[in-house]
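Below you'll find the structure, written out as structure tokens, and then a few comments.
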Amino acid sequence: MHLDTFFSVSGHTSLFLLSVVMGAALGVVYDCFRVFRILFPPAARSKAVAAEDIIFWLIYGFCVFCYAAAFGRGQVRFFIVLGSLAGFVLYIVTVGNLITGIIRRIVTAFYGLLQRVYSNVIEPIVKVLKNFCQKICQFFVQIHKNFVNRKEVQKNP
């Protein structure tokens, strides 16, 4: 007699391996949050990290629940959670660190390029405009002083 509600050993194995793949996919989602922290460093020191982690773990729980409902006949088994955590950790430790390292290097190079462009192009223009504005201000201040002096001379002949 074969019951439809029970899994065979091969069924459990395939559920476990698919949960490992799901964990790795969720590692990709977590890398998106890590990339956001790399791109916007002040956000990494604020409460945004806690909010991102809460959002991620809500997504993680929802995915495990949907996986168990779709493939595990509605039974959330310990090995499904363990497999997804194992896949997540394996992804983060291997490919995830490699990807975030590459992204970190790209962002650092881009920020360096922006800094060079600013110091070599924009900063000299700003200095020239600042000197020009100072000269213009001095010119108008001198005109104002001359105007005030003429009024005083006209009042006191």
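Along the sequence shown, residues are numbered consecutively beginning with 1.
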Query - Atom CD of Q134: over 12 foreign heavy atoms under 6.0 Å - result: yes

**Report entry** Flag if over 12 foreign heavy atoms under 6.0 Å of CZ, F110
**Finding:** no

Find the distance between [atom1] ([X]) and [atom2] ([Y]) and round it off to the nearest 0.5 Å.
X: I125; Y: K130; atom1: CD1; atom2: NZ; result: 15.5 Å
X: C137; Y: H144; atom1: SG; atom2: NE2; result: 13.0 Å
X: N97; Y: R104; atom1: CG; atom2: CZ; result: 9.5 Å

Under 4.5 Å between side-chain heavy atoms, hopping through other hydrophobics if needed: is there a path connecting [X] to [Y]?
X: I80; Y: F65; value: no
X: V117; Y: Y111; value: no
X: L114; Y: I122; value: no
X: M22; Y: I59; value: yes
X: F139; Y: F132; value: yes

Requested in this report: Return the orientation label for the F79 and H12 ring planes: parallel under 30°, perpendicular over 60°, tilted otherwise.
Outcome: perpendicular

Query raised in the report: For F88 and Y60, what are the C-alpha separation, side-chain angles and deciding distance, and is it a side chain to side chain contact (heavy atoms under 4.5 Å, CB included)?
Result: CA-CA 10 Å; F88 175 77; Y60 196 97; 4.2 Å; yes

Report summary line: By side chain to side chain contact (heavy atoms under 4.5 Å, CB included), L98 pairs with (sequence neighbours left out) I102

Query raised in the report: Among all residues two or more places apart in sequence or in another chain, which pass the side chain to side chain contact (heavy atoms under 4.5 Å, CB included) test with L39?
Result: V35, V107

**Report entry** Step-by-step side chain to side chain contact (heavy atoms under 4.5 Å, CB included) determination, V81 to L85
**Finding:** CA-CA 6 Å; V81 176; L85 286 174; 4.1 Å; yes

**Report entry** Student check: side-chain heavy atoms of D53 and Y30 closer than 4.5 Å
**Finding:** yes

Return the minimal non-hydrogen interatomic distance between [X] and [Y], and the atom names on each side.
X: L15; Y: Y67; value: O-OH, 2.6 Å
X: G83; Y: S19; value: CA-OG, 3.4 Å
X: F16; Y: L82; value: CE1-C, 4.5 Å
X: L26; Y: F56; value: O-CE1, 3.4 Å
X: G96; Y: D31; value: CA-OD2, 3.4 Å

Query raised in the report: Should F36 and V49 be marked as a side chain to side chain contact (heavy atoms under 4.5 Å, CB included) after you check the CA-CA gap, both sets of side-chain angles, and the distance that decides it?
Result: CA-CA 10 Å; F36 180 75; V49 173; over 6 Å; no

Query - Step-by-step side chain to side chain contact (heavy atoms under 4.5 Å, CB included) determination, I103 to R34 - result: CA-CA 10 Å; I103 291 172; R34 287 177 22 169; over 6 Å; no

